[in-house]
Number of protein chains: 2
Amino acid sequence: MAESLAELARIGGRPDGGVDRLAGSPADVEARQWLAARMREAGLEAGLDEVNNVFGHPPGAGPWLLLGSHTDTVPAGGRLDGAYGVLAALEVYQALATAGHPAAARVALVSFHDEEGVSGHGFEGSEHFCASAPLASISGYLELHIEQGPRLEAEGLELGVVDAIVGIDRYDVALIGQANHAGTTPFSYRRDAGRAATRFIGGLRELVQAIEPRMVANVGALQLEPGAPNVVPGAARFVLEVRCPEPAALGAARARLEDELGRIATEEGCQLEFTPQTSWPAMAMFPGYVAALERVAQRSGLPWRRLESGAGHDAEILARHVPAAMLFVPSHEGLSHSPREHTDDRLLAQGCQALLDGTLEILGG
Amino acid sequence: MAESLAELARIGGRPDGGVDRLAGSPADVEARQWLAARMREAGLEAGLDEVNNVFGHPPGAGPWLLLGSHTDTVPAGGRLDGAYGVLAALEVYQALATAGHPAAARVALVSFHDEEGVSGHGFEGSEHFCASAPLASISGYLELHIEQGPRLEAEGLELGVVDAIVGIDRYDVALIGQANHAGTTPFSYRRDAGRAATRFIGGLRELVQAIEPRMVANVGALQLEPGAPNVVPGAARFVLEVRCPEPAALGAARARLEDELGRIATEEGCQLEFTPQTSWPAMAMFPGYVAALERVAQRSGLPWRRLESGAGHDAEILARHVPAAMLFVPSHEGLSHSPREHTDDRLLAQGCQALLDGTLEILGG
């Protein structure tokens with residue numbers, strides 16, 4: 001599998017070891033054609049559908065347990081995000097087929113289009129797949145992925161069984177005060193939108209953790225207007241992102257966040273504009289699959305834990321329609337969406353073995 | 001004077017009532033030539049010097065009490081900032097000359113080049129003037145200006161006697177943490193430069209007021225990097241501006257500000273880069289002139305107060321070389337550097353009368 005990872009990483013490969021394979025780019029399409037050819041070499045019927053999903057399955061009508069992930073990347077992405085799960089799935093199929101195992105006929109493979117969201121909010125390919133004919137031939141979905149976060153490595157663990165994928169709510173926030181000369185306007189006369197925004201953002205962690213311990217939030221950019229060192233900001237605009245694996249918690253958070261913003265805005269003489277932007281519901285993984293993967297992890301003797309995925313994955317789209325679950329391997333230093341993304345080969349091989357074992361556990365093999 | 005203000009405002013005038021007369025622009029030069037012509041009509045020897053300062057004086061060698069301000073504006077500026085003080089000075093001279101008052105021979109007029117800082121940090125013209133031959137003929141400097149802040153109007157006052165011009169220190173601040181995925185990185189693993197910066201900025205007012213009650217500070221823009229909603233900021237950069245009329249206070253503030261930033265940076269796992277950028281010393285106005293202007297204000301029967309100037313003015317440059325002082329009239333709603341800048345004609349006329357009375361008080365006339 002290390003060899004096929006290296007071969008795939010050369011398509012759209014960067015001198016710094018990263019990969020540029022944006023969904024729909026020539027490199028992305030070339031990688032998908034390469035993948036379909038590899039599937040056909042392995043004995044599957046494989047090709048690209050209308051949106052460039054690569055779907056490979058044994059001859060016949062299924063039902064198949066679908067294994068896979070995606071092969072598109074973010075700009076200057078890493079060689080593992082998505083690609084690892086796709087090639088591990090191919091490896092699992094080849095191992096079963098080579099061994100003449102009957103489970104080989106009950107497995108199908110996929111690389112979904114545009115998981116990263118070049119043409120929209122992401123998950124374009126898995127949403128299309130779930131709205132098209134092949135879904136009827138799928139009994140469930142398993143996805144192996146790098147964690148893209150620091151927890152497994154920091155806790156000395158080598159495998160993660162994902163029990164839920166976080167929901168993500170985004171809000172457009174604007175605080176409108178009054179731009180003023182920063183020298184001639186005493187503090188008591190200011191309606192400082194920058195102060196209002198920074199008071200809220202600086203206290204966001206405590207606010208969110210008081211709502212629900214598994215909730216996180218982020219403000220990645222803050223626009224102060226007009227933006228000069230000697231002008232008190234008259235407006236502050238930012239996107240507030242909140243994530244939680246508990247389905248009910250995000251709804252409850254909305255009122256708390258808006259209340260706190262409103263309270264600070266009033267104190268600072270500002271107007272608040274609080275506009276829900278996008279809302280992705282939290283998605284629990286299928287309990288039967290989670291239990292099967294936990295048995296596999298336990299039997300492996302590897303140090304492991306249950307955890308939620310803080311990032312979105314195609315599995316959350318599939319989970320609306322069929323049983324679905326995920327496995328994680330550690331990400332070195334938690335880095336992803338970066339050329340420096342890395343996981344040791346030993347850990348990658350262990351994850352691939354767990355995907356094989358999980359497939360057999362789920363298929364009752 | 002209302003007529004001459006309207007005539008000058010047409011040079012570089014905007015449809016919205018504002019003025020675009022950036023230093024060195026054709027409109028700025030046209031206004032300066034118009035002004036020199038007006039000075040010559042009034043009987044002065046007047047012209048533009050090497051940097052387009054307009055300097056007008058009676059025949060002879062002085063010494064003269066210099067009256068004036070500047071006629072350049074910021075982009076989309078108002079019709080009063082600078083221009084009011086220049087035309088009031090011309091009015092004062094004309095009144096003295098028309099009355100045959102001997103003080104007319106002891107007054108000179110000026111419009112300084114680029115007070116606003118188009119070609120540098122501002123005060124280009126007054127710095128040049130103070131380094132050139134005419135300075136030797138100047139006994140002192142009086143500048144009448146709109147307040148550009150809300151205090152006089154808010155307190156129901158009609159005249160301000162400026163006792164000091166604030167010093168301004170600017171610092172380039174960078175907080176360097178680690179960019180991370182905002183979903184997969186729990187709070188406890190983050191080195192969030194945005195949180196560090198907003199904690200500091202959100203508490204800046206309390207910090208500064210604890211150092212010195214007359215001190216103000218501002219952060220007008222905040223750059224978070226890389227700047228995506230789903231990425232924890234790995235770097236935060238901003239310019240911190242601090243102003244105070246107390247000369248010693250700014251120096252004391254530096255250590256307090258750097259300490260607080262360092263404390264927060266450490267708590268958030270970030271590195272602090274704290275770099276002094278520019279430093280303008282606070283400048284006290286000449287006590288004898290301040291006392292003379294206070295006597296004038298008291299005799300006028302107008303409601304008045306002493307106050308510091310929170311903005312920089314040419315008077316702070318002149319004050320390094322000769323006795324200098326300033327008078328303020330109210331700015332409606334504190335607005336300046338805006339086409340909406342406004343002061344009622346009655347208040348403008350009162351300010352002009354105070355400049356005349358102050359000139360005579362200082363000249364012992």
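Any value given below was found using the heavy atoms of this structure, including those in side chains, with hydrogens, waters and symmetry copies removed. First the proteins, then the strands, lettered A, B, ... as listed; each starts at 1.
- Not one N or O on the side chain of B/Asn180 forms a donor-acceptor pair closer than 3.5 Å with the backbone of A/Leu335.
- In terms of heavy-atom pairs under 4.5 angstrom with chain B, the leader among A/Pro150, A/Gly149, A/Pro233 is A/Pro150.
- Considering only heavy atoms from C-beta on, B/Val216 comes within 4.5 Å of A/Arg190 through its side chain.
- With a 6.0 Å radius and a threshold of 12 heavy atoms from other residues, nucleotides or ligands, A/Arg340 has its CZ atom at or below the threshold.
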- Task: Take B/Phe187 and A/Val208, measure what side chain to side chain contact (heavy atoms under 4.5 Å, CB included) needs, and give me the verdict at the end.
- Result: CA-CA 10 Å; B/Phe187 282 135; A/Val208 157; 3.9 Å; yes

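- When the candidates B/Val239, B/Ile168, B/Ile201 are compared by the number of heavy-atom contacts under 4.5 Å with chain A, B/Ile201 comes out ahead.
- Residue A/Val166: no heavy atom, backbone or side chain, is found under 4.5 Å from chain B.
- B/Thr184 places no side-chain N or O within 3.5 Å of a backbone atom of A/Ala311 that could act as its donor or acceptor partner.
- Heavy-atom pairs under 4.5 Å with chain A were tallied for B/Ala236, B/Ala228, B/Gly194; the largest tally goes to B/Ala228.
- Of the listed residues (B/His337, B/Glu308, B/Arg170), the one with the most heavy-atom contacts under 4.5 Å to chain A is B/Arg170.
- Of the atoms belonging to B/Gln178, it is side-chain heavy atoms, and not backbone ones, that fall under 4.5 Å from chain A.
- A donor-acceptor contact shorter than 3.5 Å links the side chain of B/Arg195 to the backbone of A/Gly202.
- The most heavy-atom pairs under 4.5 Å with chain A, out of B/Ala217, B/Pro226, B/Gly334, B/Ser188, come from B/Ala217.
- Only the side chain of A/Glu268 comes within less than 4.5 Å of a heavy atom of chain B; its backbone N, CA, C and O stay farther away.
- Counting heavy atoms from C-beta outward, A/Leu222 and B/Gln223 have side chains that stay 4.5 Å or more apart.
- Minimum heavy-atom separation, A/Pro186 to B/Arg151: CG-CD, 3.4 Å.
- Residue A/Ala182 touches chain B through both its backbone and its side chain, counting heavy-atom pairs closer than 4.5 Å.
- Contacts with chain B were tallied for A/Thr185, A/Val219, A/Val231; A/Val231 has the most, counting heavy-atom pairs under 4.5 Å.
- Of the atoms belonging to B/Asn230, heavy atoms from both backbone and side chain fall under 4.5 Å from chain A.
- Interface residue A/Tyr189: only side-chain heavy atoms are found under 4.5 Å from chain B.
- By the 4.5 Å heavy-atom criterion applied to side chains, B/Asp192 and A/Arg205 are counted as neighbours.
- B/Phe200 is not listed as a side-chain neighbour of A/Thr198, based on a closest heavy-atom distance of 4.5 Å or more.
- Contact annotation for B/Leu307: neither backbone nor side-chain heavy atoms come within less than 4.5 Å of a heavy atom of chain A.
- Contacts of B/Glu241 with chain A are made by side-chain atoms alone, with heavy-atom separations under 4.5 Å and no backbone atom involved.
- Inspection of non-hydrogen atoms places A/Ala154, A/Glu155 of residues 152-163 of chain A under 4.5 Å from chain B.
- Neither the backbone nor the side chain of B/Arg214 comes within less than 4.5 Å of any heavy atom in chain A.
- Between the side chain of B/Asn218 and the main chain of A/Pro229, a donor-acceptor pair closer than 3.5 Å is present.
- A/His181 is not listed as a side-chain neighbour of B/Ser336, based on a closest heavy-atom distance of 4.5 Å or more.
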